[in-house]
Amino acid sequence: MESILKQIYSNILNGQHKTVTENVKIAVLEGIPANKIMNDGMILAMAEVGRLFEAGEYYIPEMLVAARAMQAGMEVLKPYLTSSEAHPAGRIAIGTVKGDFHDIGKNLVKMMLEGSGFEVFDLGVDVDPEAFISTVTNQQANIIAMSALITTTMPAMHTVINLLKISGLRPQVKVLVGGAPLTQEFADQIGADGFATDASRAVSSAKGILSERANTQTKYNIDL
Ligand code: B1M
């Protein structure tokens with residue numbers, strides 16, 4: 001690993017948000033690609049924070065300061081991870097599900113979706129199922145994108161899909177899910193249309209499920 005990436009890694013582990021900002025700027029100036037800084041420096045550090053927490057070496061305060069440092073680095077990288085496209089590729093309501101306050105992965109997914117031309121409505125964390133539904137009706141979102149980081153909050157995704165069915169909106173909206181504890185099998189079980197393991201795959205999945213929808217509309221000449 002390049003030495004500046006090692007520094008960023010340890011800055012995040014140690015919760016040094018000011019230093020991480022400086023070092024991410026240096027890494028960019030050194031010409032290291034933004035996704036490499038993100039994946040090989042920053043995301044690796046958060047995985048280590050999780051391991052230390054599980055091992056009882058880190059507690060909530062250490063996780064919080066690491067998260068703050070991660071967010072500071074993400075802010076610097078934001079313009080480099082995103083590119084602008086003229087027409088919105090789709091309208092997405094994104095949020096972390098009810099009971100779950102983890103938002104770093106969700107924010108990264110949001111950043112990449114925006115950079116790929118999607119119009120994104122960020123509902124934040126601990127999102128009520130009804131709030132996802134009202135973004136479909138009020139903002140005409142055509143994708144609901146849900147993130148969950150805790151095994152016990154994953155079922156909230158199923159609740160949202162059931163609510164979509166009950167309200168008759170299911171045919172007009174696609175559902176994309178992701179987050180560290182999720183699997184393709186879980187996504188299939190709850191009837192999601194797309195699943196992604198990381199932010200860049202979330203973009204390709206979102207594009208994929210929207211083009212499936214367009215193909216179905218053309219093939220059957222129906223209004224989904
Ligand atoms: Co928490 N936490 N945490 N935590 N935390 C985990 C998730 C945990 C795995 C740690 C551990 O035990 N090893 C564990 C969950 C265990 C489980 O469910 N089996 C855990 C726990 C237990 C808890 C608490 C319950 C602790 C407690 O209070 N006793 C508590 C819960 C609070 C709550 O939400 N109700 C809690 C609290 C916190 C903090 C607030 C301190 C902080 C969050 C700060 C914040 O988000 N603003 C925190 C943190 C930082 C973590 C770890 C260390 C790091 C998470 C992270 O940001 N990763 C985490 C350990 C770990 O993940 N290894 C842990 C970096 C981020 C870029 O990755 O979010 O996975 P990630 O996102 C990826 C992919 O998953 C994917 O793309 C992203 C980028 O590539 N992705 C999507 C995510 N969402 C997607 C959506 C998509 C597609 C892809 O489509 C829509």
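Whatever order the structure lists ligands and atoms in, that order sets their numbers, starting from 1. None of these values were measured; they are calculated from a predicted model.
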Enquirer: Going by heavy-atom distance to atom 47 (N) of ligand 1, choose the closest among T153, D103, V175.
Expert: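 Going through T153, D103, V175 one by one, D103 has the nearest heavy atom to atom 47 (N) of ligand 1.
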Enquirer: List in chain and number order the residues that pass salt bridge (charged side-chain N to carboxylate O under 4.0 Å, His left out) with D122, two or more places apart in sequence or in another chain; answer none if no residue qualifies.
Expert: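 D122 satisfies salt bridge (charged side-chain N to carboxylate O under 4.0 Å, His left out) with K106, K110 only.
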Enquirer: If you measure from each non-hydrogen atom of T197 to ligand 1, which part falls under 4.0 Å: side chain, backbone, both or neither?
Expert: backbone
Enquirer: Which of the atoms of ligand 1 are close to A196, meaning less than 4.0 Å from one of its heavy atoms?
Expert: 88 (C), 89 (C)
Enquirer: Rounded to the nearest 0.5 Å, what separates atom CZ in F195 from atom CG in L176?
Expert: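 With rounding to 0.5 Å, CZ (F195) is 9.5 Å from CG (L176).
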Enquirer: Where is the nearest protein heavy atom to atom 77 (O) of ligand 1: which residue, which atom, and how far?
Expert: D198 CA, 3.4 Å
Enquirer: Going by the atom numbers of ligand 1, which of them fall below 4.0 Å from some non-hydrogen atom of M146?
Expert: 86 (C), 91 (C)
Enquirer: Tell me, please, which residues at least two apart from A141 pass side-chain contact (heavy atoms from CB on, under 4.5 Å).
Expert: A93, T135
Enquirer: If I only include protein atoms of type N, O or S, how many are less than 2.8 Å from atom 1 (Co) of ligand 1?
Expert: 1
Enquirer: Can you report which non-hydrogen protein atom sits closest to atom 75 (O) of ligand 1, along with the distance?
Expert: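 The protein heavy atom lying closest is A180 N, 3.1 Å.
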Enquirer: What do we get for A145 next to ligand 1 when only non-hydrogen atoms under 4.0 Å count, side chain, backbone, both or neither?
Expert: both
Enquirer: Relative to the heavy atoms of Q71, which atoms of ligand 1 are at a distance of less than 4.0 Å?
Expert: 47 (N)
Enquirer: What atoms in ligand 1 come closer than 4.0 Å to a heavy atom of L108?
Expert: 79 (C)
Enquirer: Among all the protein's non-hydrogen atoms, which is closest to atom 35 (N) of ligand 1, and how far away is it?
Expert: G99 O, 2.9 Å
Enquirer: Write out the residue and atom name of the closest protein heavy atom to atom 39 (C) of ligand 1, then the distance separating them to 0.1 Å.
Expert: L64 CD2, 4.4 Å
Enquirer: Within the protein, is there a heavy atom lying under 4.0 Å from atom 14 (C) of ligand 1?
Expert: no
Enquirer: Pull out every atom of ligand 1 sitting under 4.0 Å from any heavy atom of A67, numbered as shown with elements.
Expert: 44 (C)
Enquirer: In the protein, which heavy atom is nearest to atom 71 (P) of ligand 1, and how far is it?
Expert: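 Heavy-atom neighbour on the protein nearest atom 71 (P) of ligand 1: G105 CA, 4.0 Å.
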Enquirer: I'd like to know if E54 and R51 make a salt bridge, using a cut-off of under 4.0 Å between side-chain N and carboxylate O.
Expert: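 Answer for the salt bridge query: no.
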Enquirer: Give me the residue, atom name and distance of the protein heavy atom closest to atom 29 (N) of ligand 1.
Expert: I60 CD1, 4.1 Å
Enquirer: Just need the protein heavy atom nearest to atom 81 (N) of ligand 1, so name the residue and atom and give the distance.
Expert: G179 N, 3.6 Å
Enquirer: Linking Ile, Leu, Val, Met, Phe, Trp and Tyr by side-chain heavy atoms under 4.5 Å, what else ends up with V125?
Expert: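 Its cluster partners, ordered by chain and number, are F101.
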Enquirer: Which of the numbered atoms in ligand 1 are under 4.0 angstrom from any heavy atom belonging to V49?
Expert: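 Within the 4.0 Å cut-off of V49, ligand 1 contributes 53 (C).
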